[in-house]
Amino acid sequence: MNHPNGQNRPEQSKNVKSVKDSGGGADIRARNLRVLEALLFASSEPMSTAELIPFLSEGAAVEALLTDLQEAYSTRGVSLVQRGDKWAFRTAQDLGFLLRREQTETRSMSRAALETLAIIAYHQPVTRAEMEEIRGVAAGRGTLDLLMEAGWVRMRGRRRTPGRPVTYGTTEDFLDHFSLESLGDLPGMEELKGSGLLSNRLPADMQIPLPYDGDLRDDEDALEDDDPEVLAVLSRGGPAKPSE
Amino acid sequence: MNHPNGQNRPEQSKNVKSVKDSGGGADIRARNLRVLEALLFASSEPMSTAELIPFLSEGAAVEALLTDLQEAYSTRGVSLVQRGDKWAFRTAQDLGFLLRREQTETRSMSRAALETLAIIAYHQPVTRAEMEEIRGVAAGRGTLDLLMEAGWVRMRGRRRTPGRPVTYGTTEDFLDHFSLESLGDLPGMEELKGSGLLSNRLPADMQIPLPYDGDLRDDEDALEDDDPEVLAVLSRGGPAKPSE
Amino acid sequence: MGVADEQDWFAQDPQTERAGADAPDAEVLYVDVEGFEGPLDLLLELARRQKLDLANISVLALAEQYLEFIERVRKKRIEIAADYLVMAAWLAYLKSRLMVPQVPGDEEPSGEMMAALLQFRLKRLEAMRRASEQLMNRPRLGVQVFGRGDPEPVDIARHQVWKVDLFALLKAYTGLRERGIVVDYALGARTVWSLKEARKILERLIGEEGEWAAFDTYLAQYLVEPEDRATVLASSFSASLELVREGQIEMRQSLTFGPLLIRRRKSDKRNA
């Protein structure tokens with residue numbers, strides 16, 4: 001989203017009615033909350049704080065405002081939720097049974113695809129060979145394509161090991177779809193961490209990697225735009241922006 | 001949105017905690033408000049009370065609930081608005097500017113457009129046929145449209161000749177953009193020669209006309225508002241006020 | 001624990017509803033192998049029949065069951081994927097390692113290590129399988145949780161700023177006007193003296209005189225047009241050098257940038 005032009009800023013601050021002595025600060029805060037409300041309500045996609053800040057008053061503490069707003073909506077029919085680094089309004093989870101709609105997309109997803117998705121989510125960054133090792137079976141090319149097309153999985157980079165295999169991870173859409181604030185919210189995460197089952201080695205080593213969707217790791221290289229594997233995905237009609 | 005299936009209704013009423021004497025009523029009301037909130041938030045279209053009722057508790061006063069909700073949101077960044085007999089959430093009116101962005105892009109003009117503009121500037125009032133004669137090339141419709149969209153060219157009137165062709169001239173914005181106080185500031189033949197823009201080897205009979213952007217000339221008729229060509233420009237997304 | 005009968009498996013297996021007890025054996029088996037997502041999946045299923053808790057399974061019994069199963073499938077001449085055979089070979093090796101005590105100095109992983117590894121992989125697969133189920137049971141966007149159904153689009157007003165100045169406008173205009181009258185001042189192509197031409201002219205001009213004369217004076221009539229000067233002088237001078245080399249003329253210059261004198265070589269004429 002583009003930043004507003006310069007004209008909006010002064011208009012915005014002038015509009016704030018600052019009548020009472022200490023009322024000014026409260027008014028500004030109230031206005032910032034309204035602005036956040038309006039922006040997040042109007043968008044169907046989660047928005048980052050960077051996208052929101054330009055609309056707030058100078059030096060506004062956006063995180064604190066968002067937390068306040070989240071609190072204000074905690075008992076309502078819609079909630080303000082955090083999805084990775086972004087925020088969005090979503091219908092309250094407890095009303096799900098009431099609003100439930102049929103969805104065909106995931107119905108058609110094979111057990112293989114769902115297992116692969118779970119492996120990527122819990123083991124990321126993970127290579128295709130590692131996925132195959134965990135499932136004990138060769139992964140069809142179609143499975144990963146399907147997950148990338150759904151927008152849940154992306155290519156992250158290339159592992160700095162012989163053959164430079166592509167590493168995969170989940171996307172922000174994945175968090176949004178499964179109502180997760182972060183990868184730490186993945187179900188059973190604590191238990192899996194404790195059991196050492198997220199390791200590629202025997203638990204004897206007790207080296208427990210956590211799922212990681214941050215920047216490239218030391219052993220990952222960035223994907224080039226003209227990377228043959230990226231191009232192959234694009235030509236198969238995969239996601240246009242795998243690194244988004 | 002689909003109506004809930006039959007199973008939901010009983011479950012829904014059971015879920016309501018009705019413990020206290022009058023507290024039960026308040027709980028039901030709060031829940032109904034939450035449900036309305038979620039439904040109206042998630043709906044892709046405004047919803048009628050008839051569509052909302054099946055989701056509410058038995059005998060709920062939907063109109064009163066909607067009015068309450070409207071009241072609750074009256075100071076927020078989004079408002080509950082009534083559209084006919086339907087209801088929807090919309091960005092608060094005073095925050096509409098949040099959803100408007102200005103975007104400027106700098107472009108250079110094609111030679112055809114520049115030449116056409118120059119002809120109009122020097123030869124105005126000028127008809128399309130005359131422009132084509134001077135340029136020696138048929139003018140694309142797009143060129144004139146572009147110049148009108150840029151706000152530099154306007155339709156002046158119609159020439160009182162067979163076919164009553166539209167005459168074109170320049171606008172105030174044109175003068176503004178090129179920092180001309182008036183059309184008289186456009187350099188004449190001698191100045192053009194002096195600046196080296198025109199060579200000295202011009203035929204004796206060549207003339208650079210004196211531009212004219214005054215009132216309608218004797219051979220010009222005013223354009224009517226419902227003139228088909230004016231309407232055609234408007235329908236192509238041309239300037240709303242060509243004579244501005 | 002003994003080797004389970006195949007009919008037992010099917011009776012207990014919730015995944016293979018298609019395989020009825022009365023179906024022909026071959027078909028049942030075929031369907032069943034296809035029903036598994038690879039050897040690890042098959043092992044996991046076998047392990048589940050043995051014990052619910054993977055931590056307490058007998059890996060040896062598991063290996064035996066697997067090998068037995070594969071053996072029976074092969075006897076029925078049903079093609080099975082290489083993955084299953086590789087696993088069978090590994091399990092056969094595991095079985096041998098488990099049954100024969102480890103010799104000191106043996107570099108190979110012990111049977112116990114291998115068993116632990118298999119157990120780990122089975123547990124990990126089971127964990128991921130459970131995780132995928134839990135994931136699908138999360139409140140999902142578009143199923144139980146909804147975003148804004150009618151998002152309000154951002155209205156982007158695009159302004160085009162044209163990069164045009166008065167000079168460009170005037171240049172376009174004058175260029176256009178001049179383009180219209182291009183015929184009137186079309187000049188002949190620029191003169192270029194070729195060496196051959198220059199030599200011909202020079203030979204004619206020098207004639208038979210045999211007197212010293214300035215190079216320029218010979219060419220005077222050709223040097224009137226300023227734009228021709230360079231080509232006339234350059235080509236004539238080159239041609240004159242050629243004539244000197246052939247011994248037809250002589251050239252003389254008494255000081256730097258002084259006048260260049262030229263005459264037909266007399267001796268040359270005499271000799272001829």
Side-chain angles (χ1 to χ4, degrees), chain A residues 1-2 38 40-46 78-79 81 88-97 99-103 105-106 109 111-112 114-119 121-123 132-138 173 176-180 186-189 191-192 195-199 201-204, chain C residues 15 35-44 54-55 66 81-84 86-87 90 109 112-159:
Chain A
M1 178 171 293
N2 298 306
L40 289 164
F41 233 82
S43 167
S44 60
E45 300 297 317
V78 287
S79 328
V81 296
F89 274 116
R90 297 285 178 251
T91 55
Q93 285 191 13
D94 66 315
L95 297 176
F97 74 92
L99 307 175
R100 175 184 275 278
R101 276 177 236 179
E102 296 304 312
Q103 211 205 20
E105 177 199 352
T106 39
M109 236 175 224
R111 196 177 76 171
L114 294 176
E115 273 177 30
T116 305
L117 178 62
I119 290 168
Y122 286 81
H123 291 260
E132 291 178 349
E133 213 258 332
I134 294 171
R135 292 195 66 234
V137 70
D173 277 2
D176 200 15
H177 185 90
F178 293 101
S179 308
L180 299 164
L186 282 168
M189 196 63 204
E191 192 193 330
L192 285 168
S195 64
L197 287 173
L198 297 182
S199 167
R201 275 153 289 218
L202 279 172
Chain C
Q15 287 166 9
F36 286 108
E37 297 258 353
L40 217 51
D41 187 31
L42 172 56
L43 273 170
L44 194 57
L54 286 180
Y66 183 93
D83 289 348
Y84 290 86
V86 171
M87 177 62 84
W90 190 81
E112 283 71 25
M113 272 287 285
M114 290 173 71
L117 178 65
L118 179 64
Q119 223 162 353
F120 171 71
R121 291 189 66 191
L122 288 174
K123 271 158 95 176
R124 189 172 59 178
L125 178 61
E126 194 188 41
M128 282 303 109
R129 194 156 286 175
R130 207 179 318 119
S132 81
E133 280 161 21
Q134 286 174 331
L135 204 54
M136 295 317 282
N137 286 333
R138 298 262 325 149
R140 294 194 352 246
L141 188 67
V143 185
Q144 294 100 332
V145 171
F146 297 90
R148 186 78 170 100
D150 189 13
E152 291 172 70
V154 172
D155 180 15
I156 297 175
R158 279 185 223 290
H159 301 286

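All values below come from the heavy atoms of this structure, side chains included, with hydrogens, waters and symmetry mates left out. To find a chain, count down the sequence lines: A is the first, B the second, and so on, and within it residues start at 1.
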Check [X] against [Y] and note the closest heavy-atom contact, atom names and distance.
X: C:Arg138; Y: A:Phe178; value: NE-O, 2.9 Å
X: C:Glu37; Y: A:Ala112; value: OE1-CB, 3.5 Å
X: C:Ala131; Y: A:Tyr122; value: CB-CE1, 3.5 Å
X: C:Val145; Y: A:Ser179; value: CG2-OG, 3.9 Å

Quiz item: Does atom CD of A:Glu191 have more than 12 heavy-atom neighbours from other groups under 6.0 Å away?
Solution: no
Quiz item: Is it the backbone or the side chain of A:Leu180 that comes under 4.5 Å from a heavy atom of chain C, or both, or neither?
Solution: both
Quiz item: Quick one: what part of A:Ala88 sits under 4.5 Å from any heavy atom of chain C, side chain, backbone, both or neither?
Solution: neither
Taking the side chain as everything from C-beta on, heavy atoms only, tell me whether [X] gets closer than 4.5 Å to [Y].
X: A:Leu186; Y: C:Leu135; answer: yes
X: C:Phe146; Y: A:Arg90; answer: no
X: C:Leu40; Y: A:Arg135; answer: no
X: A:Arg111; Y: C:Arg129; answer: yes

Practice problem: For chain C, find which of A:Ala118, A:Ser79, A:Pro187, A:Gly188 contributes the most heavy-atom pairs closer than 4.5 angstrom. | Solution: A:Pro187
[atom1] of [X] to [atom2] of [Y]: how many Å apart, nearest 0.5 Å?
X: C:Arg124; Y: A:Ile134; atom1: CZ; atom2: CD1; result: 4.5 Å
X: C:Leu125; Y: A:Ile119; atom1: CG; atom2: CD1; result: 7.0 Å
X: A:Met189; Y: C:Gln134; atom1: CE; atom2: CD; result: 12.0 Å

Self-check item: Top contributor to chain A interface from C:Met128, C:Arg130, C:Gln119, C:Met87 [non-hydrogen pairs under 4.5 Å]
Solution: C:Met128
Practice problem: Just give me the residue among C:Pro151, C:Pro139, C:Pro39, C:Ala127 that pairs up with chain A most often, heavy atom to heavy atom, under 4.5 Å. | Solution: C:Pro139
Self-check item: Any donor-acceptor pair under 3.5 Å from C:Arg148 side chain to A:Phe41 backbone
Solution: yes
